[in-house]
Amino acid sequence: DAKTTQPNSMESNEEEPVHLPCNHSTISGTDYIHWYRQLPSQGPEYVIHGLTSNVNNRMASLAIAEDRKSSTLILHRATLRDAAVYYCILRAFQGAQKLVFGQGTRLTINP
Amino acid sequence: NAGVTQTPKFQVLKTGQSMTLQCAQDMNHNSMYWYRQDPGMGLRLIYYSASEGTTDKGEVPNGYNVSRLNKREFSLRLESAAPSQTSVYFCASSDRPGASYNEQFFGPGTRLTVL
């Protein structure tokens, strides 16, 4: 599986946008970019995924660079409930049975 | 819908003891997974079952066995627990094995301490 690189930690303020970066310079043409997050003392939960185009859902937006070597998860208006570890994961197109978790980015939200 | 449930929530074992972690899902998913998470680390896959009747090793299978009892249930067994197996264990399930969009749903975890 191709590797991703994320900052260990980030901090933001409540009700402000948060941009969480992820580098994946060895991504292959058929790898999907997935984001999961893990709230304290809980299992991970799916946030969003994309291939080439930017994606939006009720939780977040995913901006993918044109060369696909990096992506950014955007939380438009952070709340205290968004404090979590965010994982950027690459998934192969076929036969992707497992999620390979790195160490992720620990996001702290200040009130 | 309960989603993915795991029992027990907490367990303390002595070295050499055995135990089985239980996992069940009520979403009619085909695939199920067992991960472990050590402090400050991301999750690592132990075993998975792409469909009922099949199981495959993941990244860290040594010291574990699994049983896919039926479509709903996937258990993880530690035959002879070791302190290195102290971890939080997560079970997950997904609907479409092998699909690029393969959202996995996770249970709340079992916190296991081996003394």
Side-chain angles (χ1 to χ4, degrees), chain A residues 1-9 22 24 27-53 55 57-60 62 64 68 84-107, chain B residues 2-6 9-10 21 23 25 27 29-51 54-61 66 68 74 87-111:
Chain A
D1 297 290
K3 191 176 164 64
T4 63
T5 304
Q6 300 176 251
N8 287 336
S9 63
C22 181
H24 29 78
I27 190 171
S28 74
T30 54
D31 283 343
Y32 279 69
I33 302 158
H34 288 241
W35 284 81
Y36 279 71
R37 73 179 185 180
Q38 187 173 20
L39 302 173
S41 299
Q42 293 189 28
E45 64 176 351
Y46 167 83
V47 178
I48 200 166
H49 82 286
L51 182 62
T52 56
S53 305
V55 183
N57 66 20
R58 64 176 178 81
M59 289 180 71
L62 177 60
I64 301 172
R68 299 204 335 120
V85 178
Y86 287 78
Y87 297 99
C88 170
I89 299 166
L90 301 183
R91 299 289 306 282
F93 178 68
Q94 296 269 338
Q97 292 293 351
K98 62 182 181 181
L99 295 173
V100 179
F101 288 81
Q103 291 192 280
T105 296
R106 181 173 298 278
L107 177 64
Chain B
V4 178
T5 57
Q6 295 182 235
K9 286 188 169 51
F10 301 92
L21 281 64
C23 174
Q25 52 92 8
M27 295 173 282
H29 284 170
N30 289 306
S31 297
M32 297 185 74
Y33 311 80
W34 276 106
Y35 292 86
R36 62 176 285 176
Q37 185 174 34
D38 298 330
M41 306 291 289
L43 281 72
R44 291 182 294 170
L45 184 67
I46 305 171
Y47 271 93
Y48 66 96
S49 171
S51 60
T54 69
T55 60
D56 284 286
K57 293 179 181 179
E59 187 183 350
V60 288
V66 291
R68 183 73 183 267
F74 189 38
S87 191
V88 181
Y89 291 84
F90 291 100
C91 178
S93 70
S94 66
D95 187 30
R96 292 179 287 166
S100 57
Y101 171 55
N102 186 18
E103 178 183 352
Q104 291 188 15
F105 295 82
F106 286 82
T110 294
R111 295 181 184 277

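Note on naming: letters A, B, ... go to the chains in the order of the sequence lines (proteins, then strands), and numbering restarts at 1 for each one.
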task: Any chance you could lay out the side chain to side chain contact (heavy atoms under 4.5 Å, CB included) test for F101(A) and Q37(B), step after step, and finish with the verdict?
output: CA-CA 10 Å; F101(A) 288 81; Q37(B) 185 174 34; over 6 Å; no

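A distance of 13.0 Å separates OH of Y46(A) from CZ of F106(B), quoted to the nearest 0.5 Å. Between K9(B) atom NZ and S41(A) atom OG the span is 12.5 Å, to the nearest 0.5 Å.
A 6.0 Å sphere centred on CZ of R68(A) holds more than 12 heavy atoms belonging to other residues, nucleotides or ligands.
Partners of Y47(B) under the ring-ring contact (aromatic ring centres under 6.0 Å, His included) rule, at least two apart in sequence or in another chain, do not exist in this structure. With sequence neighbours excluded, the residues satisfying ring-ring contact (aromatic ring centres under 6.0 Å, His included) with Y89(B) are Y64(B).
Neither the backbone nor the side chain of R44(B) comes within less than 4.5 Å of any heavy atom in chain A.
In terms of heavy atoms, M41(B) sits closest to Y87(A) at O-OH, 3.9 Å.
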